[in-house]
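Sequential numbering from 1 along the given sequence is applied to the chain's residues. No experiment lies behind these values; they were computed from the predicted model shown.
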Amino acid sequence: MDTLIFGGLLATVYALLRQRSWAVLLGGWWIMLVLTILLLAHHITSSLKLGLSY
């Protein structure tokens, strides 16, 4: 999942360098922001479940 987010950020930067429209850039940044927040929420709420017993 992390790789997909970094790939999306790279695609957004590529669109910036290619001087795409502002709608494409803003849409890309908003999509990446939402995906990053969802990934962060998933990592914070998930348990590791390493199979350790004490």
Side-chain angles (χ1 to χ4, degrees):
M1 186 74 170
D2 296 335
T3 306
L4 295 175
I5 289 177
F6 285 119
L9 289 173
L10 181 63
T12 307
V13 169
Y14 178 73
L16 177 66
L17 293 175
R18 299 281 297 168
Q19 298 178 353
R20 300 290 181 195
S21 70
W22 282 106
V24 171
L25 291 175
L26 288 176
W29 280 114
W30 277 109
I31 289 170
M32 295 316 305
L33 177 66
V34 169
L35 288 176
T36 303
I37 290 171
L38 289 174
L39 179 67
L40 181 65
H42 171 72
H43 279 300
I44 290 174
T45 58
S46 66
S47 63
L48 293 176
K49 295 184 182 178
L50 297 175
L52 301 175
S53 58
Y54 295 100

(message) Please tell me whether Ile31 and Trp29 are part of a single hydrophobic cluster in this structure, the criterion being side-chain heavy atoms less than 4.5 Å apart.
(response) yes
(request) Output all residues satisfying side-chain contact (heavy atoms from CB on, under 4.5 Å) with Leu25, sequence neighbours left out; order by chain, then residue number. (result) Ala15, Leu16, Trp22
(request) Report yes or no: do Met32 and Leu39 belong to one cluster of Ile/Leu/Val/Met/Phe/Trp/Tyr joined by side chain heavy-atom distances under 4.5 Å? (result) yes
(request) With rounding to the nearest 0.5 Å, note down the distance linking CG in Leu35 to CG in Leu40. (result) 12.5 Å
(message) If the condition is side-chain contact (heavy atoms from CB on, under 4.5 Å), which residues does Leu33 pass it with, not counting sequence neighbours?
(response) Trp30, Ile37
